[in-house]
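Read through the structure below, which is laid out as structure tokens, and then see the notes.
No experiment lies behind these values; they were computed from the predicted model shown. Throughout, protein chains are lettered first and strands after them, A, B, ... in sequence-line order, and every chain is numbered starting at 1.
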2 protein chains.
Amino acid sequence: MSQTVDRALSILPLLAEGPADLGRVADRLGVHKSTALRLLRTLHEHGLVYRQSDQRYRLGARLIALAQEAMENLDIREIAHPHLVRLNEQCGHTVHLAVYEESEVLYIDKVESRYPVRMYSRIGKPVAITVAAVAKLLLADLPESERRLLADKLDYPMYTARSTPNAPAFLRELEKVRDQGWATDLGGHEESINCVGAPIRGGDGRVVAAMSVSAPNVVVTADELLTLLPLVRRTADAISGEYSGRTPVKEVAP
Amino acid sequence: MSQTVDRALSILPLLAEGPADLGRVADRLGVHKSTALRLLRTLHEHGLVYRQSDQRYRLGARLIALAQEAMENLDIREIAHPHLVRLNEQCGHTVHLAVYEESEVLYIDKVESRYPVRMYSRIGKPVAITVAAVAKLLLADLPESERRLLADKLDYPMYTARSTPNAPAFLRELEKVRDQGWATDLGGHEESINCVGAPIRGGDGRVVAAMSVSAPNVVVTADELLTLLPLVRRTADAISGEYSGRTPVKEVAP
DNA sequence: ATGAGCATTGCAAGTACTGCAACACACCAG
DNA sequence: CTGGTGTGTTGCAGTACTTGCAATGCTCAT
């Protein structure tokens, strides 16, 4: 809607691919170098881009700080976290929390017992939307029209032989998930990884988030993982209850 | 430099404080509501802000994804990480990695043994710049003039009785840190927490990052923590070596 | 029902953005 | 040391774009 801002913001995903110099940015934007320079300067003043020693631009630290605050404003994360930890303690597997926003599904929390360290590497990453259990749960709750529209728009990469192949199959799967109230991903993203997930609902019954437990084949078979389903659903329901109980609006002191 | 973009970007930190409606955004920006609306729309199209069900705006998920990619482009993090993990395994305490950028110090990695879960809650957060050991290390290496300028500009909140009280004291401390090649924070941020840190240097000797080990008083006394100093310095030096060894520039395939 | 409060849209005025071209600077080669 | 190519940077005039106003919708609470 606003040309100048639009151009400026287009720089960010461009720089996310890696550092770039002025000429490259101008080319990719399709504008004159001087224009790109002034946009970059403005972004720089706000700390969203950083100029490294070789004069090339890359994404800046303020962006990371902003994203941090953005996550902290998602109160579902705060409420869910202790439950995720408890679930992890009980079953020992990786636990995910994800939300849907603007045609994307994003992990916003993760508890992992075996590799306690690499966790940040996934938080914030978009989910494999056509196969992940949490994605199915979130999309299954969308209004009919929006769901069809999105399903048509998506790509269906065949990560494995068991990946969802196309839109009709995906829509069928979503129907199933919606009816049964839980979802799985059995080797649809990585051959040896299975997941089982359940939805978290707000006071009005709408799905506001989804959680899942993941484990590799070598640790537990898919069948064994499925025995955790009641536990997962209980956890999800507990989070739902707490979320709808407390009023989610935060008052700001005057 | 560009008024429109400047205004648009000013919305982001504003929304970081919490969701806001159109009127509030317009007021804070000092522009007409219709102007604010169009700026918000543009931000929305890029996924940087999200419109929640009550029509208020908050920071969007794309921001989190962008920050994720930004972090992955910081190659010092990648190189340092295994070293941080090893150090954590040896001493059992929390290990931090931080960088300096544009008058801010930011944690970009953290390994914590006791609470393996809460780690992301700090990564990306600006550091208490006047007291943290990593901050001292990073600022101590700034050019004289920049250091003085920054020291004057900073606030000196008294988190505890042992916090750095003012600019002169801070500058003296930085001198000391620079000379000795390591730094501590003994209860300067939280009464019962001590830290000891060491700098990570690039090939040209400049400090590119800093790391520290933190532990509460109740687990080890400050003196005991200081016995870890050689280990911390060895780890930092190992990272420095690996960082300067490999050429830090990444060539893009043509 | 009725009004208050909010978001939204069309439009005219004018400001601020754009692209050009000239300049400055660094780096490399001869 | 010097000329040349590749950068990034700045001043300027034209105009495309943004802006604020005022009027219109819309939703919710009374």
Between [X] ([atom1]) and [N] ([atom2]), how many Å, whole number?
X      : N       : atom1 : atom2 : result
D54(B) : dC6(C)  : CG    : P     : 13 Å
D6(A)  : dC17(C) : CG    : P     : 15 Å
L37(A) : dA24(C) : CG    : P     : 17 Å
R41(B) : dA7(C)  : CZ    : C1'   : 9 Å
K33(A) : dA21(C) : NZ    : C1'   : 11 Å
L40(A) : dG8(D)  : CG    : P     : 10 Å

Cut-off 3.5 Å, no hydrogens considered: what does the side-chain donor-acceptor table look like for residues 3-13 of chain B, sequence neighbours left out?
from	atom 1	to	atom 2	distance (Å)
D6(B)	OD1	H46(A)	NE2	2.5
S10(B)	OG	D6(B)	O	2.7

- Task: Please report how far the helix from dA1(C)-dT30(D) to dC27(C)-dG4(D) bends, comparing the axis fitted to its first five pairs with the axis fitted to its last five, to the nearest 10 degrees.
- Result: 40°
- Query: If only side-chain N and O atoms of R24(B) are considered, is one of them under 4.0 Å from the OP1 or OP2 phosphate oxygen of dA7(C)?
  - Reply: no
- Query: Just wondering, do R62(B) and E104(A) contact through their side chains at under 4.5 Å, heavy atoms?
  - Reply: yes
- Task: Report yes if the side chains of L150(B) and K153(B) come closer than 4.5 Å at any heavy-atom pair, otherwise no.
- Result: yes
- Query: Which is it for H44(A) and E102(B) under the side chain to side chain contact (heavy atoms under 4.5 Å, CB included) test, yes or no, and what are the steps along the way?
  - Reply: CA-CA 10 Å; H44(A) 180 92; E102(B) 310 279 335; 3.3 Å; yes
- Task: Please answer whether the main-chain N or O of T130(A) pairs with a side-chain N or O of T164(A) as donor and acceptor at a distance below 3.5 Å.
- Result: yes
- Query: Just by distance, do the side chain of S240(A) and the backbone of I200(A) share a donor-acceptor pair under 3.5 Å?
  - Reply: no
- Measure the CG-OH distance between L37(B) and Y57(B) for me, rounded to the nearest 0.5 Å. 5.5 Å
- Message: I need a per-nucleotide contact map over nucleotides 18-30 of chain D, read 5' to 3'. Cutoff is protein heavy atoms under 4.0 Å; write B for the base, S for backbone only, - otherwise.
- Response: SBBB---------
- Residues P143(B) and R206(B): closest non-hydrogen pair is CD-NH2, 4.1 Å
